[in-house]
Amino acid sequence: MKRPLLFLDVDGPLHPYAAQPERRPEGYITLRVPRNAALVDEGSLSSRRRPLRVWLNPVHGRALLGLGYDLCWATTWMAEANHWIAPALGLPELPYVDFGDALFRERPDGVHWKTALLVEHADGRPFAWVDDEQTAPDRAYVDAHHRGPALLHHVDPRIGLRDDDFRALADFARSLDDSQGAGPRLFR
């Protein structure tokens, strides 16, 4: 059986953008990204604005690689995540979901604009989705449209990924192994 997918959002889980702006979280580094380099600020009219401050914890890369998933960017950064985020975390170049015309497109049913494309990308394969914007309509959509197991794991954008989040992701991956009779895996 293929390993499950782990869809990774950047802003919120990896970059705790909602933390107190004057206090970089312990263990994090600061990246300065030109505003026109990331889709998160594509609508900006001025290229003379200060660079985007991004806080990242380099330890997260090793921890993510050790979880037993195939990692995939699920972020507005799309391909730019491989240029800016992956090197700072010690991650290899990862595949990404190309949101194309769906980027930021609101749906009348309250389902997040990423959800349907993530389900389509997974194509029945088990997945976990780490983000700070999932809601009950997203869970309902995944339950109704995805053939395999899925974990929608919400991360507080004020604190980013923590040990409890990594444990929840490891437990989900382990539950998939256990259900296949493969026994538990060791995770760090």
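All values below were derived from every heavy atom in this structure, side-chain atoms included, with hydrogens, water molecules and symmetry-related copies excluded. In what follows, residues are counted from 1 in the order of the sequence shown. A quick note: this is a predicted structure, and the numbers were derived from the prediction, not measured.
The minimum heavy-atom distance linking Pro58 with Gly27 is given by the pair CD-O, 3.6 Å. Taking all atoms of both residues into account, the shortest heavy-atom contact from Tyr69 to Leu5 is CD2-O, 3.3 Å. Smallest separation of non-hydrogen atoms from Pro87 and Ala81: CD-O, 4.5 Å. Here the shortest heavy-atom pairing between Gly90 and Leu65 reads O-CD1, 4.0 Å. The two atoms that bring Leu151 and Ala168 nearest to each other are CD2-O, 4.1 Å, heavy atoms only. Of all heavy-atom pairs between Pro51 and Arg32, the closest is CB-CB, 4.0 Å.
Distance check: Thr75 OG1 to Trp73 CH2 gives 7.5 Å after rounding to the nearest 0.5 Å. The structure places CD of Glu133 at 12.5 Å from CG of Leu152, a figure rounded to the nearest 0.5 Å. Taking CG of Leu94 as the reference point, atom CG of Leu71 lies at 5.5 Å (rounded to 0.5 Å). In this structure, CG on Leu52 lies 5.5 Å from CH2 on Trp77, to the nearest 0.5 angstrom. Taking CG of Leu89 as the reference point, atom CH2 of Trp84 lies at 14.0 Å (rounded to 0.5 Å). Atom CD1 in Ile29 sits 8.5 Å away from atom CG in Asn57 (nearest 0.5 Å).
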- [ ] Evaluate the salt bridge (charged side-chain N to carboxylate O under 4.0 Å, His left out) criterion for residues Lys114 and Asp138: first the C-alpha distance (whole Å), next the side-chain angles of each, then the deciding distance (0.1 Å), finally the verdict.
- [x] CA-CA 9 Å; Lys114 291 180 183 179; Asp138 299 305; over 6 Å; no
Task: Trace of the salt bridge (charged side-chain N to carboxylate O under 4.0 Å, His left out) decision for Arg174 with Asp177 - done: CA-CA 5 Å; Arg174 193 172 14 260; Asp177 280 349; over 6 Å; no
Task: Evaluation steps, side chain to side chain contact (heavy atoms under 4.5 Å, CB included), between Val155 and Asp131 - done: CA-CA 6 Å; Val155 175; Asp131 208 309; over 6 Å; no
Open item on the list: Evaluate Leu14 against Val54 for side chain to side chain contact (heavy atoms under 4.5 Å, CB included), listing each step before the verdict.
Closed with: CA-CA 9 Å; Leu14 295 172; Val54 179; over 6 Å; no
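No side-chain heavy atom of Val97 sits less than 4.5 Å from a side-chain heavy atom of Met78. By the 4.5 Å heavy-atom criterion applied to side chains, Pro157 and Pro16 are not counted as neighbours. Leu6 places none of its side-chain heavy atoms less than 4.5 Å from the side chain of Cys72.
With sequence neighbours excluded, the residues satisfying ring pair (Phe, Tyr, Trp, His ring centres under 6.0 Å) with Tyr141 are His145. Every residue two or more places apart in sequence or in another chain was checked for a side-chain hydrogen bond (donor to acceptor under 3.5 Å, both in side chains) with Arg53, and none qualifies. Residues that satisfy the side-chain hydrogen bond (donor to acceptor under 3.5 Å, both in side chains) test with Asp109, not counting sequence neighbours, are Arg107. For the side chain to side chain contact (heavy atoms under 4.5 Å, CB included) test, residues two or more places apart in sequence or in another chain that qualify with Pro137 are Val111, Thr135. The ring pair (Phe, Tyr, Trp, His ring centres under 6.0 Å) check on Phe166 picks up His60, with sequence neighbours excluded. By the side chain to side chain contact (heavy atoms under 4.5 Å, CB included) test, Arg23 is found to be paired with Gln20, residues two or more places apart in sequence or in another chain being considered. For Asp101, there are no salt bridge (Lys or Arg N to Asp or Glu O under 4.0 Å) partners, not counting sequence neighbours. A search for salt bridge (Lys or Arg N to Asp or Glu O under 4.0 Å) contacts involving Arg167 returns Asp164, not counting sequence neighbours.
Note on residues 105-129: pairs passing ring pair (Phe, Tyr, Trp, His ring centres under 6.0 Å), not counting sequence neighbours, are Phe7-His121, Phe7-Phe127, Phe99-Trp113, Phe104-Trp113, Phe127-His146. Every pair passing side-chain hydrogen bond (donor to acceptor under 3.5 Å, both in side chains) that includes a residue from residues 149-159 is listed here, sequence neighbours excluded: His153-Asp165, Asp156-Arg158.
Between Lys2 and Asp70 there is no salt bridge, since no side-chain nitrogen of the basic residue lies less than 4.0 Å from a carboxylate oxygen of the acidic one.
A side-chain donor-acceptor contact under 3.5 Å links Arg125 to the backbone of Arg3. Within the 3.5 Å criterion, the main-chain N or O of Val130 finds no donor-acceptor partner in the side chain of Asp9.
Here Tyr28 is tied into one hydrophobic group with Trp55, each link being a pair of ILVMFWY side chains closer than 4.5 Å. Grouped with Val59 in a hydrophobic cluster is no other residue, since no side-chain heavy-atom contact under 4.5 Å to another Ile, Leu, Val, Met, Phe, Trp or Tyr is found.
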